[in-house]
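Below: one structure, written as structure tokens.
Just so it is clear, the model here is predicted, and its values are computed rather than measured.
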Amino acid sequence: MTYIKRGMESVVSRLNNQYPAILITGPRQVGKTTMLQKLMKDENRNRTYVTLDSLEDRSLAKNDPAMFFQIYKPPILIDEVQYAPELFTYIKIHIDKHNKAGDFWMTGSQIFKLMHGVQESLAGRIALLHMSPLSQKEIIGVESIPFTLDIGVLTGQQKIIGQYQSGTAVAPQIYERIWKGGMPALVSGRYTDRSVFYSGYLETYLNRDVRDISATIDSLKFMNFITATAARTGGLLNIKNIADDADINQLTAKSWLNILETLGIIFYLHPYSNNVLKRTVKAPKLYFYDTGLVCYLTKWSSPETAMSGAMNGALLENYVISEIFKSYHNNALEPFMYYYRDRDAKEIDLLIEGDGMLYPIEIKKTANPDKKLTRIFDVIDKSPLQRGTGAVICMAERIGAYDRDNLIIPTWVI
């Protein structure tokens, strides 16, 4: 299988010289261990590798952490560390005693914010990173940089990425990426049957990770539930509607959504609000990290049907927002991203906050977006933050501008 260079490799190498411990979290099969094993070959230390998928090693780690570290001494790579949070206290003791950069590399298939034990035990001692499925820049082999609305940076990216664009059929290319998704095993060609891969991927989650969190889950109902969730990607979270479709109660639906978030399958975009903008809605919007999984669950049989189907707008929105999220995560940055919607039904797809500015963005499938799409940006003028450059991300072939404050950005450039 061809190795695909990951955007966060240089970040891991840099942090490895500063922090005693690095933890990379994210869904299974996105390439966490593959990347770290590749970096192990590049470093000069004789690093030990152990996976807690092994029941024998997991039992030792949970029941006798001191003995575990007598057998497996740092520097060490511990795979699937969420299975033994008992290790974190012993890692803390070792770090406090030796304080040697790069001693502990860890991966986990649960999001670190929701992983029990790590925040309390290793605060200030650990670099926390999140790995998602491949971004489009990683797939084509272009350096990952955080998304920005700086026109100079964008035109530079257009020049670099444009070398990999074939022809002018922008929308079909984008929906091909949306439909295929970003799982390394599919992108690299290790597996060529997408349906078989995603079917097995879901079985893995049902039989292993989901049951590790909640042993009482009904597999069939959970499949109905995750399908109902995928059908609502890009929409306001409505737990009752999801519960009704999956024939479960709302308490169960909320619990299962927490599981999907914990496992890095879904994430939320929360509404932007402040004391001035009091009429905004409160519900978050729901997205998947991998649009290929969404297309599989919602049964779009090809990129063409996804592009022309009823979910085409939601799929595009999910794709753009997840790509922007990945661009920050790959650079060890936490994105401050929101959406805007008020009770008068005025809505902005995406707001990015930074340096005291709010940057409004609309996402559209059209190749020729009308300037009137930017009128909605005026609603944030009442915000205490200054309005920054706005943009419409769309199917245009080239970067353009309505005026000095509002840009037109092709989806393939982000």
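- Using a 30° and 60° split on the angle between ring planes, H98 and H94 fall in the tilted class, from 30° to 60°.
- Here the side chain of E9 pairs a donor or acceptor atom with the backbone of R6 at under 3.5 angstrom.
- Ring geometry for W256 versus F225: interplanar angle over 60°, hence perpendicular rather than tilted (30 to 60°).
- Side-chain contact of Y272 with S383: a donor-acceptor pair under 3.5 Å is present, judged by distance alone.
- No side-chain donor-acceptor contact under 3.5 Å links Y191 and D193.
- In terms of modelled atom types and a separation under 3.5 Å, the side chain of K221 and the main chain of A246 share no donor-acceptor contact.
- Figure legend: R177 and W412 shown without cation-pi pairing, the cationic atom not lying both under 6.0 angstrom from the six-membered ring centre and within 45 degrees of its axis.
- Using modelled atom types, no side-chain atom of K364 and backbone atom of M395 make a donor-acceptor pair closer than 3.5 Å.
- Ring planes of Y268 and H270: tilted class, angle from 30 to 60°.
- Side-chain atoms of N63 come within 3.5 Å of backbone N or O of S59 as a donor-acceptor pair.
- For the residue pair Y289/N318, the side-chain donor-acceptor check at 3.5 Å is not satisfied.
- Side chains of D57 and Y72 form a contact here, defined as non-hydrogen atoms less than 4.5 Å apart.
- Looking only at distances, no side-chain donor or acceptor of Y338 sits under 3.5 Å from a matching main-chain atom of E353.
- With hydrogens and angles disregarded, no donor-acceptor distance shorter than 3.5 Å links the side chain of R387 to the backbone of P360.
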